[in-house]
Amino acid sequence: NVLSFPYKETMHLNEKKILLGDIAISLEKVLAESHDQKKEFSEHLMHMTVHSVFHLFGFTHEKKKDFNVMKNKEISVLTRLSISSPYKNV
């Protein structure tokens with residue numbers, strides 16, 4: 001559904017802007033997942049985008065502890081965007 005490609009080195013454009021990497025999102029896959037999971041497409045897309053950005057910051061979810069840290073950070077950001085937790089049924 002999404003892929004994150006972090007740059008080996010953070011690129012600074014100026015004092016306020018940095019480039020962390022690239023994100024590729026399969027809109028078709030995210031749309032299909034939103035239907036399968038009975039979620040709003042826009043909310044699922046935002047979740048996948050936030051998820052990818054956290055990968056660019058170096059977060060992973062391979063271990064249970066890391067999954068929980070990343071999940072809680074995602075929920076925090078999504079809550080600020082008025083999007084409910086996508087992990088209600090996980």
Side-chain angles (χ1 to χ4, degrees):
N1 50 14
V2 294
L3 294 172
S4 299
F5 302 96
Y7 295 146
K8 292 183 182 186
E9 294 183 24
T10 302
M11 299 170 53
H12 294 269
L13 296 178
N14 59 42
E15 292 178 9
K16 296 182 181 180
K17 295 182 182 177
I18 60 171
L19 298 178
L20 298 172
D22 296 315
I23 296 172
I25 300 174
S26 169
L27 295 176
E28 295 85 3
K29 181 71 172 166
V30 172
L31 180 62
E33 289 174 348
S34 68
H35 287 295
D36 293 344
Q37 298 171 23
K38 297 179 178 28
K39 296 179 179 178
E40 291 292 326
F41 170 73
S42 60
E43 292 185 2
H44 188 49
L45 177 61
M46 184 57 67
H47 174 221
M48 293 295 93
T49 303
V50 168
H51 182 87
S52 295
V53 170
F54 277 113
H55 277 305
L56 293 181
F57 280 123
F59 290 91
T60 65
H61 46 78
E62 293 176 18
K63 296 178 184 173
K64 180 73 172 173
K65 179 181 175 183
D66 296 333
F67 169 80
N68 286 328
V69 168
M70 191 168 173
K71 175 182 78 169
N72 289 333
K73 289 189 175 296
E74 290 174 13
I75 291 169
S76 177
V77 170
L78 293 170
T79 298
R80 291 179 184 169
L81 297 170
S82 300
I83 297 173
S84 61
S85 171
Y87 294 101
K88 291 179 193 173
N89 299 321
V90 174

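Basis for what follows: all heavy atoms, side chains included, without hydrogens, waters or symmetry-related copies.
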Measuring from [X]:[atom1] to [Y]:[atom2], what's the distance to the nearest 0.5 Å?
X: Thr60; Y: Lys65; atom1: OG1; atom2: NZ; value: 11.0 Å
X: His47; Y: Ser85; atom1: NE2; atom2: OG; value: 8.0 Å
X: Leu78; Y: Lys71; atom1: CG; atom2: NZ; value: 13.0 Å
X: Ser34; Y: Met48; atom1: OG; atom2: CE; value: 10.5 Å

Next on the checklist: How about CZ on Phe57, more than 12 heavy atoms from neighbouring residues, nucleotides or ligands closer than 6.0 Å, or not?
Outcome noted: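 Atom CZ in Phe57 is not packed in, count stays at 12 or less.
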Next on the checklist: Within a 6.0 Å radius of atom NZ on Lys39, are there more than 12 heavy atoms belonging to other residues, nucleotides or ligands?
Outcome noted: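 Counting other residues, nucleotides and ligands, NZ of Lys39 exceeds 12 neighbours.
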Do [X] and [Y] share a hydrophobic cluster, counting only Ile, Leu, Val, Met, Phe, Trp and Tyr and linking them when any side-chain heavy atoms are less than 4.5 Å apart?
X: Phe5; Y: Val30; answer: no
X: Met46; Y: Leu31; answer: yes
X: Ile23; Y: Ile18; answer: yes
X: Phe59; Y: Val2; answer: yes
X: Ile75; Y: Val77; answer: no

Checklist entry - Is the backbone N or O of Asn72 less than 3.5 Å from a side-chain atom of Ser76, with the two atoms forming a donor-acceptor pair by type? => result no
Checklist entry - Taking C-beta and beyond as the side chain, do Leu56 and Tyr7 meet within less than 4.5 Å on heavy atoms? => result no
Next on the checklist: I'd like to check the side-chain hydrogen bond (donor to acceptor under 3.5 Å, both in side chains) partners of His55; sequence neighbours left out, ordered by chain and number.
Outcome noted: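 If we apply the side-chain hydrogen bond (donor to acceptor under 3.5 Å, both in side chains) test to His55, skipping adjacent residues, the hits are His51, His61.
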Checklist entry - Do you know which two heavy atoms are closest between Ser52 and Ser4, and how far apart they sit? => result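 Scanning both residues, the minimum pair turns out to be O-OG, 3.0 Å.
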Checklist entry - After noting the C-alpha distance and the side-chain angles of Leu27 and Leu45, does the key distance pass the side-chain contact (heavy atoms from CB on, under 4.5 Å) rule? => result CA-CA 8 Å; Leu27 295 176; Leu45 177 61; 3.9 Å; yes
